[in-house]
Amino acid sequence: YFVSFLLKFQFYKALCQEAGHLGSLATCDFYRSTAAGDKLRRTLRLGRSKPWPDALQQLTGRRDISADALMEYFQPLNNWLKDYNAKNGVPVGWTQDKRGTMTLSSSPTRPVGLLLLAVAVMAVFALCADAYRFRDDESSELSHLLMKLRRDQHRKHCWKYSLDGLTESQLTKCARRFIHFANQQLRKRKHRSSLASFHYNVNINKRNKELLTRVDTKYRRFSSKLTLFALKFKGKRMSGLSASDARMLRDLQWNMVFGRRKDSSRMSNLDSQMSQSYDTAVGCYAPGKCLDSGEDNVKNFFRTKNDYDQLRYLWKSWRNATGAKFRNAFVERAQLLNESVRPAGFKNYAFFEYFTDFEDPKFPETVVSLYNQFKPLYEQLHAYLRHRLHQKYPGKFAANGLLPGHLGDDPWGSQYTKWHNEFVPFPAAESIDFDGILKDRERRGLLTVPQLPHVADEFYRSLGLPKMTETFWRKSVFLKPKDHKMNCHGTAFDMHSASRDDFRIKMCTRMDMSSFSTVHHEMGHIMYFMLYSHQPVLFQGSANSGFHEAIGDTITLSVKTAEHFQAIKFAKHLNDTHESQVNTQLTQALENVMFLPFAMTVDLWKWRYISGEVPKEQLNQDWWRLRGLYAGVGPSVSRSEADTDALSKYHAAKNIGYVRYFISFLLKFQFYKAMCEEAGHKGPLSTCDFYKSTAAGDKLRRMLQLGRSKPWPDALQQLTGRRDISADALMEYFQPLHNWLKDYNAKNGVPVGWTVPANPMQSASN
């Protein structure tokens with residue numbers, strides 16, 4: 001009993017800590033704490049199979065019996081006693097007779113330990129009962145009611161148990177507590193996840209990969225628990241819940257659930273394996289002639305080289321190194337994704353992904369409808385580009401067929417800006433060479449690569465928006481390291497720090513217009529992070545996924561104008577004629593309009609397979625059918641089902657939604673037009689630069705501050721005045737080019753349109 005009376009305080013303290021108790025130890029009640037129960041269970045299950053110090057360590061973390069917990073429990077009383085006795089002259093201590101000391105043998109440990117453990121466990125529950133006992137002499141029925149009311153008032157984790165029998169008021173209070181708890185815990189876990197992701201991406205190695213996998217697995221498990229708890233409130237009447245709380249609760253219910261631990265671990269492992277394989281993949285442009293590892297090097301080769309055969313060789317090599325290896329993992333991941341959304345009531349992951357983002361049950365049809373709005377422009381641009389490429393590479397592909405996929409700025413044939421100078425409509429007209437200007441300034445010592453992010457920061461500050469934080473400048477990575485591998489894909493990170501000042505960018509910056517645009521784009525993400533950081537964590541996000549991408553892209557439309565380069569004194573005055581405007585618009589169209597069909601196809605392809613519309617035996621065939629149908633682009637060499645070419649794209653391999661870019665490329669023209677109008681711009685839309693317009697900045701700020709606290713049509717209306725996504729602003733922006741293309745193609749007999757062959761996997765290249 002002597003030992004058990006010490007142990008019970010050690011046990012009690014350990015269980016209280018596990019239950020998350022705060023405050024004086026003597027006031028702890030770990031009633032209904034399954035965490036404390038689990039820890040106790042693990043100790044009791046040992047029985048006498050281990051020495052008692054092992055059992056003690058299992059529960060308390062230490063191997064010795066101590067009076068420390070007892071002293072902590074009675075510390076308030078001890079302090080009072082010392083004060084009382086001192087003030088009242090009460091003698092402390094006594095005199096002992098001289099007697100022999102009895103010594104107890106410490107052996108045998110197991111029977112003694114088992115007996116002491118049993119007695120101590122009973123004593124712990126006696127302590128707990130003392131802490132929980134009601135000081136009320138009424139009948140047992142009233143005591144039970146008081147107990148329930150007290151439990152409802154003080155129990156923090158009410159959502160962990162059955163909600164049946166709770167009144168509407170009690171349900172509402174419980175839901176509010178749950179939402180508060182979710183916001184607190186999600187911030188902490190998002191912070192850990194962001195840290196692990198950032199460090200892996202800037203230093204790709206085995207240790208960082210393992211850390212990222214472990215953190216992602218834990219985050220998925222916690223997120224799954226939150227969703228399961230949130231689903232308990234589904235269908236419950238809670239009229240007292242505010243609209244904001246109801247929206248947050250709904251967002252918690254709209255989440256994936258990995259019911260089995262092994263599923264969560266497997267998903268993290270699949271993501272990690274594909275990520276590492278992709279980040280370290282190597283592409284070759286000829287036998288034995290290979291580039292350094294990474295997507296960025298492959299894209300740079302495509303962007304700067306024109307050798308038809310080398311580009312085609314690299315096109316195939318990159319797919320062999322990526323997509324062909326990911327097919328089985330993609331199929332397995334699709335199954336896990338479908339299983340993960342069924343507890344939340346979604347029929348498949350495809351519907352879950354687009355409905356929870358855009359709240360449109362027929363969103364794939366909406367995407368196709370939006371495509372049809374700009375299709376007349378795309379067909380004319382495609383015809384002109386195909387015509388000029390056919391002139392450059394005579395006999396390499398059909399003049400009225402599909403474009404081979406290796407002739408663009410990247411291995412996916414998504415953009416074609418590298419052909420601007422060669423295919424410019426009016427060669428004699430004065431036009432701006434952005435790359436040339438930047439390189440010239442670098443050569444003359446007027447601009448360095450590390451200064452590019454500061455140029456972008458100055459643009460945002462000119463709109464009256466906040467400057468980048470000190471932590472941003474200290475922890476972002478803008479240069480490719482020489483001593484280790486890094487993922488060079490430009491990415492912005494919200495670290496979800498408690499101080500709300502830790503935001504970062506990682507990218508491998510070069511002195512060219514691509515990097516100049518990227519750093520302005522990524523800083524748009526950072527600005528969004530900063531301006532909605534005051535919102536609850538559940539509202540710290542994009543109104544829909546297209547908004548986040550559109551913010552930075554809206555800024556790049558402004559900075560990629562002759563007017564802006566003149567405003568920041570990077571270029572002298574240029575004669576702004578109709579011909580020069582059409583020339584500039586062609587560059588923008590080769591980047592923006594040519595990109596749209598690719599952007600819509602990545603997710604349409606994924607959704608068609610995941611929803612069961614397309615069998616896995618036709619995965620690659622369906623990819624090329626969609627590429628041909630919407631983009632008029634075909635494979636550069638004949639393909640097979642084993643190739644799975646869609647997965648040669650980073651986002652498809654990583655299951656990062658790509659339709660956001662399709663939506664963002666439409667939204668950015670809507671945003672841009674609205675900000676130009678606010679800035680008082682006059683003239684063709686494509687010549688607008690809203691640099692230094694605080695009025696435009698204020699309007700943008702009001703939308704960004706909303707985060708996802710309002711439905712996305714509300715946020716869109718805040719900036720643009722309309723509630724629907726549309727291609728109208730894009731068509732207005734490119735109207736001068738569209739008119740010229742129609743006239744040129746008609747006068748020169750250029751065929752417009754294309755036909756998709758019966759076998760879409762056959763080579764489009766001769």
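Note that the coordinates shown come from a computational prediction; the quantities given were computed from them, not determined experimentally. Numbering starts at 1 and runs along the sequence shown.
For the residue pair T417 / D409, a side-chain donor-acceptor distance below 3.5 Å is found, with atom types taken as modelled. A donor-acceptor pair shorter than 3.5 Å can be found between the side chains of D357 and S545. Counted by atom type alone, N300 and R303 present one or more donor-acceptor pairs between their side chains at under 3.5 Å.
Y378 pairs by the side-chain contact (heavy atoms from CB on, under 4.5 Å) definition with F374, H382, V593, M594, P597, A631, W754, not counting sequence neighbours. Scanning for salt bridge (charged side-chain N to carboxylate O under 4.0 Å, His left out) contacts around E339 gives an empty result, with sequence neighbours left out. Annotation: side-chain hydrogen bond (donor to acceptor under 3.5 Å, both in side chains) contacts of R504 (sequence neighbours excluded): D502. Remark: N320 pairs with K316 by the side-chain contact (heavy atoms from CB on, under 4.5 Å) rule, at least two apart or across chains. Applying the side-chain contact (heavy atoms from CB on, under 4.5 Å) rule to S542 yields the partners Y528, F547, H548; only residues at least two apart in sequence or on another chain are considered. Shown here are the side-chain hydrogen bond (donor to acceptor under 3.5 Å, both in side chains) partners of S514, two or more places apart in sequence or in another chain: there are none. Scanning for side-chain contact (heavy atoms from CB on, under 4.5 Å) contacts around E210 gives K206, with sequence neighbours left out.
Judged by distance alone, the side chain of S414 and the main-chain N or O of F595 form no donor-acceptor pair under 3.5 Å.
Applying the disulfide bond (SG atoms under 2.5 Å apart) definition to pairs two or more places apart or across chains, none involves residues 604-665. The list of salt bridge (charged side-chain N to carboxylate O under 4.0 Å, His left out) pairs with a residue in residues 547-556, not counting sequence neighbours, reads D553-K668. Residue pairs meeting the salt bridge (charged side-chain N to carboxylate O under 4.0 Å, His left out) criterion with at least one member in residues 612-625, sequence neighbours excluded, are R608-E613, R608-D622, D622-R625. Sorted by first and then second residue, the pairs that involve residues 635-644 and meet salt bridge (charged side-chain N to carboxylate O under 4.0 Å, His left out), not counting sequence neighbours, are R327-E641, R639-D643, R639-D645.
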Let me have the donor-acceptor pairs involving side chains of residues 192-203, under 3.5 Å, with sequence neighbours excluded, atom names and distances please.
residue	atom	partner	partner atom	Å
S194	OG	K190	O	2.9
S194	OG	D494	O	3.0
S197	OG	N201	ND2	3.4
Y200	OH	D279	OD2	3.4
N201	OD1	N487	ND2	2.9
N201	ND2	S197	O	2.7
N203	OD1	N205	ND2	3.4

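Taking both residues in full, the closest heavy atoms of K480 and N297 are given as NZ-ND2, 3.7 Å, listed atom of the first, atom of the second, then distance.
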